[in-house]
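See below for the structure under consideration.
Letters go in sequence order (proteins before strands), and every chain restarts at 1.
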Number of protein chains: 2
Amino acid sequence: MSHTLGARQAQKQKTRRALLDAALGLLEEQSLSSLGLREVTRAVGVAPTAFYRHFRSVEDLGVALVEEALGSLHPMIRTIVSTTGDGDERVARAVELIAGHVDAYPAHVRFIARERHGGVRVVRGAIREQLALFAGEVRDALASDPVSLGWEPEDLLMLAQLYVDQMLVTASALLEAVGDGAGERERVVRDAVRRMRLIGIGRAHWVGGG
Amino acid sequence: MSHTLGARQAQKQKTRRALLDAALGLLEEQSLSSLGLREVTRAVGVAPTAFYRHFRSVEDLGVALVEEALGSLHPMIRTIVSTTGDGDERVARAVELIAGHVDAYPAHVRFIARERHGGVRVVRGAIREQLALFAGEVRDALASDPVSLGWEPEDLLMLAQLYVDQMLVTASALLEAVGDGAGERERVVRDAVRRMRLIGIGRAHWVGGG
DNA sequence: AAAGTCAGTGAACAACTGTACGCAAAGTCT
DNA sequence: AGACTTTGCGTACAGTTGTTCACTGACTTT
């Protein structure tokens, strides 16, 4: 069924990639709901109608971008979550990992930050779904940690969501910081570390019920 | 200088309001960078060219919306911040206040959440600026609290930003919850309260330096 | 009462949009 | 080798967009 992906499929994938990349580039300075199909094909250098061979609409392309941007992030989540060591070390390691990802895929990060609350319903839904998966993974990791012994399941999920949100806030802050001076980036990283540390302290002294 | 604002100016203000409201309505299901000038005037029932009598462009209208949506929020910030009482009471009061605001001005809240990372640079800048003002106010309030005695100024601002971010996260979560069942809303409120409480606990046990 | 201001009009413009249709040509299968 | 499939092309259409211009008519000022 899958020898080496015939030259036919290969070319198709290539065009598809080009469309996705061009869209991602254009989305650095606008949002998905204003992105035109023709705009994308023009940037790639193919006829407008070629678009339909790959996506049913721009919204469809948006969903594909979500899966690409967030689907590939699961390994990183697991890496962060399974990192051993002292609390502060873990936080620093996690923020470094996030910063590295932002440097490597800035357009993906910007896209997610922008479209998470953006104007396209299905894309918002796709992002929400992926983030819920992340929160689930983080919660499971938190659950298998002695610190979480007295915790109720509900509170664990709450904390996991807080961590996921912080991850996004940090990523988006880093993105905004690349424009400003070089020192700005370090300031953002330091701030992110301290936010995470404060949350960690809250976690350590948490008392359920209330 | 301001007798009773002649019938001329009054009518102008009325149309301006209509434009802002129509735009706000249209922005519930799309983002600013895809909002057309003609779309807005059509919704109001005036000629496209009338738009220019009030705003230079749609971006301009966006900035006006930011000032309207966030400028009017300063009193609420001060109310939250100056509320006295036990920690948990304050948190519950604050979340209630936020929830009330979301109920009263859902379109404004949606607009801010959407355009904070949206595709229009000047609007992002305007929002960022207002949020920085909020963070400053919160920091000042935190500074004049005995709990913050050992705190460095930098850390106080960090905490203030964390609170402001949480406010937005809560507001946007409440917005998404109105569609789902009635119980969903209470769940979101409970979650928000616990997040804020956890942060408060982290604050109480914070140790600077490190 | 006359002169001036100015919010809103309506027609016209070039440029753009998404989508439908049939065609070409290259890859794949029998 | 021949039949089939399918990616991409070109043309065309109706509808939309932002912006310009000269205009009307109600309100203000003198």
request  = Classify the side-chain pair Q30(A)/E39(A) by whether it contains a donor and acceptor separated by less than 3.5 Å.
outcome  = yes
task = Give the rounded distance in Å between these two atoms: CD of E59(B) and C1' of dG18(D).
result = 13 Å
message = Return whichever of Q11(B) or R56(A) has its heavy-atom-nearest nucleotide of DNA chain C closer to the 5' end.
response = Q11(B)
query = dT17(D) phosphate, OP1 or OP2: any side-chain N/O from R42(B) under 4.0 angstrom?
reply = yes
query = Separation of R17(A) atom CZ from dT7(D) atom C1', in whole Å?
reply = 18 Å
note = Between CZ of F51(B) and P of dT20(D) the distance, given in whole Å, is 14 Å
request  = Please check if any side-chain donor atom of R53(B) sits under 3.5 Å from a side-chain acceptor atom of T15(B), or the reverse.
outcome  = no
query = Do L159(A) and V138(A) have side-chain heavy atoms sitting under 4.5 Å apart?
reply = no
inquiry  = Taking the minimum atom-to-atom distance to the side chain of A50(B), which one of dG18(D), dG8(D), dG8(C) wins?
reply    = dG8(C)
query = Which listed nucleotide (dG8(C), dA7(C), dG10(D)) is nearest to the side chain of R8(B)?
reply = dA7(C)
request  = Find the distance Q13(B):CD to dC27(D):P and express it as a whole number of Å.
outcome  = 17 Å
request  = Tell me whether the OP1 or OP2 atom of dG10(C) has a side-chain N or O from T49(B) closer than 4.0 Å.
outcome  = no
inquiry  = Nearest to the A7(B) side chain among dC9(D), dG18(D), dT28(D), which nucleotide is it?
reply    = dT28(D)
task = Rounded off to whole Å, could you give me the CZ-to-P distance for the R53(A) and dA26(C) pair?
result = 16 Å
task = For V58(B) and for R16(A), find the nucleotide of DNA chain D with the closest heavy atom, then tell me which residue's nucleotide is more 5'.
result = R16(A)
request  = May I have the distance from Y52(A) (atom OH) to dC21(C) (atom C1'), rounded to whole angstrom?
outcome  = 13 Å
Protein-nucleotide distance (D60(B), atom CG; dT19(D), atom P), rounded to Å = 11 Å
query = Could you give the CD-to-P distance, from Q30(B) to dT17(D), as a whole number of Å?
reply = 10 Å
note = Picking from dG18(D), dG8(D), dT19(C), the nucleotide nearest the side-chain atoms of P48(A) would be dT19(C)
query = If we ignore angles and hydrogens, is there a donor and acceptor under 3.5 Å between the side chains of S34(B) and S34(A)?
reply = no
ask   = What about R38(B): does its side chain form a donor-acceptor pair under 3.5 Å with the base of dT19(D)?
value = yes
request  = Have a look at S57(B) and say if it touches a base, only the backbone sugar-phosphate, or nothing, with a 4.0 Å heavy-atom cut-off.
outcome  = nothing
inquiry  = Less than 3.5 Å apart, any donor N or O on the side chain of E67(A) or Q130(A) sitting next to an acceptor on the other?
reply    = no
